[in-house]
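Atoms considered below: every heavy atom in the structure, side chains included; atoms not considered: hydrogens, waters and symmetry mates.
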Amino acid sequence: MNFFSAYDQGFVRVAACTPRCEVADPAFNADEVIALARQGHDRSVGLMVFPELCISSYSLDDLLGQAALHDAVHAALARVVEASRDLMPVLLVGAPIEKAGRLYNCAIAIHRGTILGAVPKSYLPNYREFYEKRWCVSGRDVRGETIEIAGLTVPFGVDLLFSASDMRGFVFHVEICEDVWIAASPSDFGALSGAVILTNLSASNVTVGKAATRRLLCAAQSERCFSAYVYAAAGPGESTTDLAWDGQACIYELGNRLAETERFPSGAQMCVADIDVDRLLLERLRTGTFNDAATHAARADRSFRTVAFRFQPPSEDIGLIRPLSRFPFVPNNPEQLDQDCYETYNIQVQGLMKRLQATGIRKICIGVSGGLDSTHALIVAARAFDQLGLPRENILGFTMPGFATGDTTKSNAWSLMRSLGLTAEEIDIRPLAEQLLKDLRHPYSEGKPVYDITFENVQAGLRTDFLFRAANRYDALVLGTGDLSEIALGWSTYGVGDQMSHYNVNASVPKTLIQHLIRWVVRRELFDAETNGTLLGVLDTVISPELVPADESGALQSTEDKIGPYALHDFALYYITRFGLKPSKVAFLAWHAWRDANAGAWPAGFPEDAKGGYDLATIRRWLEAFLFRFFTTAQFKRSASPNGPKVTSGGSLSPRGDWRAPSDGNARLWLEELRGNVPEREPAS
């Protein structure tokens, strides 16, 4: 395995193509297909999808009944087959093919000098502007047959799957245009029988609003079928006697658009993307209902033949062509980010409201540190109390300075509590901490600068202990503030510590999303100007537990200096828990996402001075740290997680929800895979 090879990492590069065409000119059209095929070969594309009837052109009407046209189609296909001999991509081209006095609208799979098979169109539209049954017959019931094309006898029928014998997951199904517009599409059964990439050769004339419908169909089919969907529609050169053509071609995976061409092109074009077939197979494996549907659909009239072919994928570094977010939990698209923040915030608010209503408790206790997590939990609580008609004075906020509490965070905490109108109090935990350290005979009590885990956890434990006793005293709930990223890493004090609460609104919210949620609250002006000003100030604060005094230079304890960047940890968390990817593949994706700070998109509102990158050595180092903490040291804390609402599709680590794992597990398998397959650094340029 070459770590840097997209194909070795389980990706298949595909292209959706819109060639130029001429009506009833198969020789010209074959030249256009061959020209694009050579471009695809040069770009290491493995599968290229062309439009419906692209060899003859679609808008032929009664010309489809002409013998001269049929001879020219076979001659053109023979030229494409010969040209493909030295090309890597599988080519899916459309052509009218006659058999036994019937004309079929076919998709023909061509690879390395041969025809793998031909698939006829199942559903022929004969309404509004469509009149296909005048010329062609449905291939819906064609199974187990062969057909003669360009002098070759090849498999023919709707029962064909095409599978690379030398690349796991490169299995594709073919349907044609109308087939995806109706219920029980052929690709439904192709996917349930093992196809991972679904393809559609389409003509599809354009009318106002139709492009959006095509996108919806492709997105929905890829989502429902746990697949990729590659769609190519006819473009420039088709007859405009009564219709027009926009050449829309697009590629979707699991409901997400990976690539799309410009519409109404003046010349040939294609869009290219790398399909993650490994991820699709894992998603099916991890979703039992997909396999239930496959079992239900396993009928004799829906069985498939598999046509195997030797693909010979390249093993060198060909890059990665695919939208890849640095922050999987944070959309780059501003509109989607706004929607995600709206939903996240309101899920948290609704969760807390229900817990208060169910218990009949009208107060909460919360520790307010002035950091990101407690700040966000506090503005969730304030909104929940407003919605319930409860006075904000019933939110009992406590700031509890310890040995290393900074002036900035303490000031932010007080400013926030005052502007929100809480019942606020400051409790100095140092006297109790000093007594406890003395009772423990800790070196610090003898004047030695020993700041170990005991020193830290004495403070964290006292804070949580106080909150629980305050909750007893005032008939309140303790509101947790720890986020999903901390829960993943076990970055919390177990038991009577910040790991525990009565309810945790942040339990499913990753660290990388919280800053955007706070910005969203400010933009929506859900609170007054003074509160908004404090919220913006909190965003500029270094992430720190503030448990260890500043060093000689005055630098505060930094969480990320100790355990690594949350950006990389959240990246690993998303792909390992949501999709079950191997560590080496997570590292590959992270390297492509993070190696160049100037490449790709950043989320809206992300601070310019915070934009940076990570080299492979850094990614490998912190992924190793993540794996050890996640699989070896943190699960026992997650097994005793308090309640909290699931928020993101990236998952929850609740033992009652998305993630159930043994508390006494280990990371050996994942660490061995990482160390064995991820180089320590990039190759020299």
Side-chain angles (χ1 to χ4, degrees), residues 4-7 9-17 40 43-47 49 169 196-198 211-212 214-216 218-223 226-232 248-263 269-280 282-283 317-340 510 512-513 516 567-568 570-575 578-579 581 585-606 611 613-614 619 648-650:
F4 300 100
S5 166
Y7 279 101
Q9 291 286 359
F11 292 92
V12 175
R13 184 162 295 175
V14 303
C17 308
R43 298 180 67 180
S44 301
V45 174
L47 176 65
V49 181
V196 179
I197 301 173
L198 311 178
R214 295 189 198 119
R215 292 187 190 106
L216 181 64
C218 294
Q221 197 67 352
S222 70
E223 181 79 54
F226 294 81
S227 70
Y229 201 87
V230 187
Y231 177 92
Q248 185 178 23
C250 51
I251 303 166
Y252 281 77
E253 179 184 308
L254 282 179
N256 297 308
R257 185 171 63 188
L258 301 185
E260 183 172 340
T261 58
E262 294 291 330
R263 296 172 59 216
Q269 63 176 356
M270 63 181 173
C271 61
V272 178
D274 291 330
I275 299 297
D276 192 344
V277 294
D278 269 358
R279 182 175 80 133
L280 294 170
L282 279 167
E283 190 72 347
D317 182 359
I318 60 170
L320 187 67
I321 304 175
R322 156 187 193 92
L324 192 57
S325 175
R326 292 175 172 86
F327 303 98
F329 293 103
V330 184
N332 291 329
N333 181 285
E335 293 181 0
Q336 186 61 55
L337 178 57
D338 182 79
Q339 179 68 17
D340 283 11
T512 50
L513 180 58
H516 297 280
L568 292 181
D570 280 0
F571 194 96
L573 172 66
Y574 180 81
Y575 283 106
R578 175 62 183 84
F579 294 107
L581 300 189
K585 186 160 188 173
V586 175
F588 175 80
L589 293 171
W591 182 60
H592 277 282
W594 281 101
R595 62 178 173 167
D596 183 356
N598 297 315
W602 291 83
F606 196 85
K611 295 178 179 178
Y614 301 104
I619 291 167
T648 67
S649 64

Do [X] and [Y] have side chains that get closer than 4.5 Å, going by heavy atoms?
X    : Y    : value
V12  : V196 : no
V14  : V49  : no
V277 : F11  : no
D276 : R322 : yes
P323 : L258 : yes
P603 : H516 : yes

Check salt bridge (Lys or Arg N to Asp or Glu O under 4.0 Å) between [X] and all other residues, then give those that pass, not counting sequence neighbours.
X    : answer
D570 : none
R215 : E260
R578 : E283
R326 : none

| task | Using side chain to side chain donor-acceptor pair (under 3.5 Å) as the criterion, list what pairs up with E223, not counting sequence neighbours. | result | none
| For E262, which residues count as a side chain to side chain donor-acceptor pair (under 3.5 Å) partner, sequence neighbours excluded? | none
| message | So, using ring pair (Phe, Tyr, Trp, His ring centres under 6.0 Å) as the criterion, who are the partners of F606 when residues are at least two apart? | response | F327, W602
| Counterpart residues, ring pair (Phe, Tyr, Trp, His ring centres under 6.0 Å), relative to Y574 (two or more places apart) |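 Scan of Y574 (ring pair (Phe, Tyr, Trp, His ring centres under 6.0 Å), adjacent residues dropped) gives F329, F579.
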Starting at [atom1] of [X], measure out to [atom2] of [Y] and round the result to the nearest 0.5 Å.
X    : Y    : atom1 : atom2 : answer
L589 : R279 : CG    : CZ    : 9.0 Å
R263 : R214 : CZ    : CZ    : 6.5 Å
K585 : L282 : NZ    : CG    : 8.0 Å
L513 : L337 : CG    : CG    : 7.5 Å
T261 : Q269 : OG1   : CD    : 4.0 Å

Nearest non-hydrogen partners of [X] and [Y], listed with the distance:
X    : Y    : answer
A6   : G319 : CB-O, 3.6 Å
P328 : Y575 : CG-CE1, 3.9 Å
I321 : R43  : CD1-NH2, 4.1 Å
F226 : L254 : CA-CD2, 3.8 Å
A228 : L280 : N-CD1, 3.6 Å
A273 : I251 : N-CD1, 3.8 Å

Taking only residues two or more places apart in sequence or in another chain, which ones pass side chain to side chain contact (heavy atoms under 4.5 Å, CB included) with [X]?
X    : value
S222 : S227, Y229, Y252
A15  : C17, V45, M48, M270, V272
N598 : D596
A590 : F571, I619

| task | Output yes when a side-chain donor or acceptor of Y7 lies under 3.5 Å from a complementary backbone atom of S44, and no otherwise. | result |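 Flag set: sc Y7 to bb S44 pair under 3.5 Å.
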